[in-house]
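Every chain is numbered from 1 and lettered A, B, ... according to where its sequence line falls, protein lines coming before strand lines.
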Amino acid sequence: MQLPKLTPLQSRLLASAIATCLLVTILVFFPPHRFVYAAEIPVPGHVQYTGLEESTLPSTLLDDLSSGGDQQIEEERSDGVYAPDFSYFDRSLVGRQQSDVEKLNNDQKKETDINPGSTKNFVFEKSQLGGKRARSLLAESPAVRGLENTSGEESTHAGVLSEEDLAEEEELRKRQAGSQVWISANSCRQPEPTVNLITGDIPQLTLYVSTSSKNTKPGPSATNDLAHDPIPFVGGYANFSVQTDTDLFIGVSAPSLTQGWNGSWNFEVAASVDGYFHRYNDTNQFIYMIDTDSDSALFITYNLTKDNNSTDEVERWKKMKSPFTMYTFPNGTWTPVTGLERSYCGLKEQFNTTNNITVESSITTKFGQGLPKGQFHVQGLENGKTYTGFLAVSGSDEDLQLPDEGVVRGGGQVFQQFSWTTKAGM
Amino acid sequence: MIFDLEFCSDVAYAVPSSETFKSNDSALMALYDNQAKDYFKNFTNSLDQVACDTTSTAQYSLARNCTDCSRDYKSWLCSVLIPRCEDWSAKDDWLQERNINARLSNGSLPYEKNMTLEFNSTKRERFAFTKSRNPLIDDKIKPGPYKELLPCEDLCFDIVRSCPAQLGFACPNSPARLTTYGQRDPIELKCNFPGAVVSLNIDRGAAGTLTARFGIVVLVAVLAAAWSWI
């Protein structure tokens, strides 16, 4: 059979028609979904890419992204901060594992044991400085929500973000120019001596504070970039206050024990933006002795309110269960509280375990002007002996205002120690 | 040491006691308190004879009334009937020795070696030293020798000031005043009064004021010298 003769144009048309049919055939018989395979990599449940409601994500992530790379993303073990956890990579490859840094919340103490020669670290996060500020940063940066996907795209997004939100960030940073944080700590238990004759001072803990991210675990082996020289505990008490707008890193270290001491410490530490959590007053005893005889003594505190005319105030104090208490120990070179004289939890624990001295504490309005004052009747003493006493106020969730003394907060307050001698009874 | 008495509510100090009352504080308190109540009742009867609620021309004083008199008398009565005592071994010189002829708790007599005539006339034979001011103490309580922190003399002055002259109150002059009343001291507790307290940092306080005064004197002297030199 003879092929029909085609003009060049007709042959071109025929060729394109055949190609089109061929393509359509391929499309029909081999659908695209047979060749393409895209699926999500399985992700562990706790990593929240979309968890942008938490407050710390934007600023920390922004800072880290603008400096580039995901090795610098902070990895605190806490909710709301991006913690990379790729299932195909070991944690040690991805970044430093900070396993033993505890988080401090505003106005809440953390109590923990510590062995000699070791250091415990804590962090007081920027979010605790006043969460309101960080949340406002999030609300004003809607573009942040675009950060959901793989790392490749994040840096470009960050570039876009910083241009858009730069002005806002600057303004917010100025407002956050620093708030005051008060850090305080008390030793509750300490090592005991194994020998009868104590020749040296009892070893005390040391407090390290750092506000710079170059030193996130301050301690005796990391003394660079500290906010202050290492602060030794005195009488079981240490405090420090600093102005900061970044995370605050705290380290408490226990020295190695020398010969003659045995045991470990137990301490409490707290940070607050309102004032010292644990307090100690070095200048005032806040107490008077009424008199003593051979086996008992009577004490009163200073007036608890200065207002003579306010009967409501007086009634309130009278109804209150006395928050005051007096801890007493026989005098000597070594008493169970040597080294813990300024620590409320230390005094309280040691008092319960020693001797048979009883202290009845109440609120009275006698002894002048009808103003309320605390009263303590100490019994069970021995005649002719010298005793050391400490007035302490127990802490509670409500702040307690004392005239001329400020506010007593959750960790309690200890006043300067005093001593007296009972009568000889002769 | 007794406190929270029913009548003499401002009393809160160590008082003479003895073995019988050592563990029985409430009996001791009742003993002192009841005696004070009795004396005060007698006083109230006397005060009732005085016109208190009358016109200002008939009152015994415009500056004081019967309430003041009653209150001041009560303070004085409680301080005198219930003496504040210290150990016999206390060394302060403003304390008054009482009951020196009784035996101490270890059986010995105070001043037993001192039998001189002079001592006998100055101390051993004087009631101020051999007896307590309140006979009840020697009769019922029988404490050993003790030293008393005397009541402040202004307690006595106050009842003379506040009470009507017809009651006839008067305060002793020396030498009797030395053994019955003490004088106030701004720094230390040298006499007893209701509501007295002991400040526990008393030594530091005194030294502090002394050094401050001394410092000021030195400064003034230096300035004066410089001024005169110029």
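Atom NE2 of His377(A) sits about 9.5 Å away from atom CG of Asp4(B), to the nearest 0.5 Å. Between Asp291(A) atom CG and Asn192(B) atom CG the span is 8.5 Å, to the nearest 0.5 Å. Note: Thr422(A) OG1 to Met1(B) CE = 12.5 Å, rounded to the nearest 0.5 Å. Between the CG atom of Asp293(A) and the NZ atom of Lys22(B) there is a distance of 7.5 Å, given to the nearest 0.5 Å.
Using a 4.5 Å cut-off on side-chain heavy atoms (C-beta onward), Val197(B) and Met289(A) make no contact. Side-chain contact between Ser89(B) and Lys423(A): absent, with no pair of heavy atoms (C-beta onward) separated by less than 4.5 Å.
Of the two parts of Phe3(B), only the side chain, counted from C-beta on, holds a non-hydrogen atom closer than 4.5 Å to a non-hydrogen atom of chain A. Using a 4.5 Å cut-off between heavy atoms, Ser294(A) touches chain B through its side chain atoms alone. Residue contact with chain A, scored on non-hydrogen atoms closer than 4.5 Å, involves the backbone and the side chain of Ala12(B) alike. Proximity to chain B is limited to the side chain of Phe418(A), based on heavy atoms less than 4.5 angstrom apart. Proximity to chain B is limited to the side chain of Ile300(A), based on heavy atoms less than 4.5 angstrom apart.
For OH of Tyr39(B), the number of neighbouring non-hydrogen atoms (other residues, nucleotides, ligands) closer than 6.0 Å is 12 at most. Within a 6.0 Å radius of CD in Gln180(A), other residues, nucleotides and ligands contribute more than 12 heavy atoms. The neighbour count for Asn45(B) CG, taken as heavy atoms of other residues, nucleotides or ligands under 6.0 Å away, is above 12. Counting heavy-atom neighbours within 6.0 Å of Glu125(B) CD, excluding the residue itself, gives a total above 12. Counting non-hydrogen atoms of other residues, nucleotides and ligands closer than 6.0 Å to CD of Gln183(B) gives a total of 12 or fewer. Annotation: Lys37(B), atom NZ; neighbour count of heavy atoms from other residues, nucleotides and ligands within 6.0 Å is above 12.
For residues 381-392 of chain A, an interface with chain B (any heavy-atom pair closer than 4.5 Å) does not exist.
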